[in-house]
Visitor: 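Please read through the structure below; I'll follow up with questions.
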Amino acid sequence: AVQLAESGGGSVQPGGSLRLSCAASGWFYSSHCMGWFRQAPGKEREGVAAIFSDGTTTYADSVKGRFTISEDKDKNTLYLQMDSLKPDDAAMYYCAAREGYTSNWGRAPRANDFVYWGQGTQVTVSS
């Protein structure tokens, strides 16, 4: 089974930046799709961004222009560069994965799109 481990969370002031990483292992298929989600206390898990088998990406409207998802396949690592952070971005951030070739959905990811999940990394945004 695919295993995912997030890192890079922390505390940052509004307007600051963080880069999250997700180390992946155990791939069975050569193609896959990965995504980032977040969940704040008392709120539903929200899809933030996804990167597809062809390298294209999608984002939630709330993060477009501020967050960038990328993947280094040589290192089996997924990244989320978060810039211009706002207090509303504070949450537990999770990476997720699914195996097999996946074409761009043209929408933000949904939790039931993915099979494998990491344990999460906390992001705090406050002054």
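Start at 1 with the first residue, then count along the sequence.
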Visitor: Can you tell me which residue among Leu78, Thr77, Thr121, Leu80 is in a side chain to side chain contact (heavy atoms under 4.5 Å, CB included) with Cys95?
Guide: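 Answer to the side chain to side chain contact (heavy atoms under 4.5 Å, CB included) test with Cys95 among Leu78, Thr77, Thr121, Leu80: Leu78.
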Visitor: Assess the residue pair Asp89 and Arg38 against the criterion (side chain to side chain contact (heavy atoms under 4.5 Å, CB included)); give the C-alpha distance rounded to whole Å, side-chain angles, the decisive distance to 0.1 Å, and a yes or no.
Guide: CA-CA 8 Å; Asp89 295 318; Arg38 65 187 181 186; 2.9 Å; yes
Visitor: To check you understand the geometry: which heavy-atom pair defines the closest contact between Asp83 and Ser17, and what is its length?
Guide: OD1-OG, 2.7 Å
Visitor: Could you measure the distance from the CG atom of Asn112 to the CZ atom of Arg45? Nearest 0.5 Å is fine.
Guide: 12.0 Å
Visitor: Taking His32 as the fixed residue, which of Phe114, Trp27, Tyr116 is the one that meets the ring-ring contact (aromatic ring centres under 6.0 Å, His included) rule?
Guide: Trp27
Visitor: Using the disulfide bond (SG atoms under 2.5 Å apart) criterion, which residues pair with Cys33? Sequence neighbours excluded.
Guide: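 Cys33 satisfies disulfide bond (SG atoms under 2.5 Å apart) with no residue once adjacent residues are dropped.
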Visitor: So do the side chains of Pro109 and Thr58 get within less than 4.5 Å of each other, counting heavy atoms only?
Guide: yes
Visitor: Grab the two heavy atoms, one from Gly120 and one from Glu6, that are nearest each other, plus how far apart they are.
Guide: N-OE1, 2.9 Å
Visitor: Give, for atom CG of Asn104 and atom OG1 of Thr56, the distance between the pair rounded to the nearest 0.5 Å.
Guide: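 Atom-to-atom, Asn104:CG and Thr56:OG1 are 3.5 Å apart.
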Visitor: Of the non-hydrogen atoms in Val123 and Leu18, which two are nearest, and what is the gap between them?
Guide: CG1-CD1, 3.9 Å
Visitor: Is the side chain of Ser53 donor-acceptor paired with the backbone N or O of Thr102 at a distance under 3.5 Å, no angle test?
Guide: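 A pair under 3.5 Å: yes.
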Visitor: Under 6.0 Å between ring centres, would you say that holds for Phe67 and Trp36?
Guide: no
Visitor: Between Phe37 and Gln39, is a side chain to side chain contact (heavy atoms under 4.5 Å, CB included) present by the stated rule, with each step listed?
Guide: CA-CA 7 Å; Phe37 290 75; Gln39 188 167 19; over 6 Å; no
Visitor: Would you say Tyr94 ends up clustered with Ile51 if hydrophobic residues are merged whenever their side chains have heavy atoms under 4.5 Å apart, either directly or through other cluster members?
Guide: no
Visitor: Can you tell if the side chain of Asp113 reaches within under 4.5 Å of the side chain of Arg98, non-hydrogen atoms only?
Guide: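 Yes, their side chains come closer than 4.5 Å.
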Visitor: Go through the steps to decide whether Leu20 and Met82 satisfy the test side chain to side chain contact (heavy atoms under 4.5 Å, CB included), and finish with yes or no.
Guide: CA-CA 8 Å; Leu20 306 183; Met82 304 187 295; 3.7 Å; yes
Visitor: Would you name the heavy atoms of Tyr29 and Gly100 that are closest together and state the gap between them?
Guide: CB-N, 4.2 Å
Visitor: What's the shortest heavy-atom distance between Ala40 and Ala91, and which atoms?
Guide: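 Minimum heavy-atom separation between Ala40 and Ala91: N-CB, 3.8 Å.
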Visitor: Would you say NZ of Lys73 has more than 12 non-hydrogen atoms from neighbouring residues, nucleotides or ligands within 6.0 angstrom?
Guide: yes
Visitor: Output the distance between atom CE (Met92) and atom CD (Gln119), rounded to the nearest 0.5 Å.
Guide: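 That separation rounds to 9.5 Å.
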Visitor: Spell out, yes or no, whether Tyr79 and Val48 are grouped together once hydrophobic residues are joined by side-chain heavy atoms under 4.5 Å, including indirect joins.
Guide: no
Visitor: How about CD on Gln3, more than 12 heavy atoms from neighbouring residues, nucleotides or ligands closer than 6.0 Å, or not?
Guide: no
Visitor: Can you tell me how far OH of Tyr93 sits from CD of Glu46, rounded to the nearest 0.5 angstrom?
Guide: 7.5 Å
Visitor: Give me the atom names and distance for the closest heavy-atom approach of Gly47 to Ala108.
Guide: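 Smallest heavy-atom distance, with atoms named: O-CB, 4.3 Å.
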Visitor: Is the number of heavy atoms from other residues, nucleotides or ligands within 6.0 Å of OH (Tyr101) greater than 12?
Guide: yes
Visitor: I'd like to know whether Arg110 forms a side chain to side chain contact (heavy atoms under 4.5 Å, CB included) with Trp105, so could you lay out the CA-CA distance, the side-chain angles of the two residues, the decisive distance to 0.1 Å, and finally the verdict.
Guide: CA-CA 10 Å; Arg110 300 168 185 159; Trp105 298 311; over 6 Å; no
Visitor: Do the non-hydrogen side-chain atoms of Tyr59 and Arg66 ever get within less than 4.5 Å of each other?
Guide: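 Heavy-atom side-chain distance check fails, nothing below 4.5 Å.
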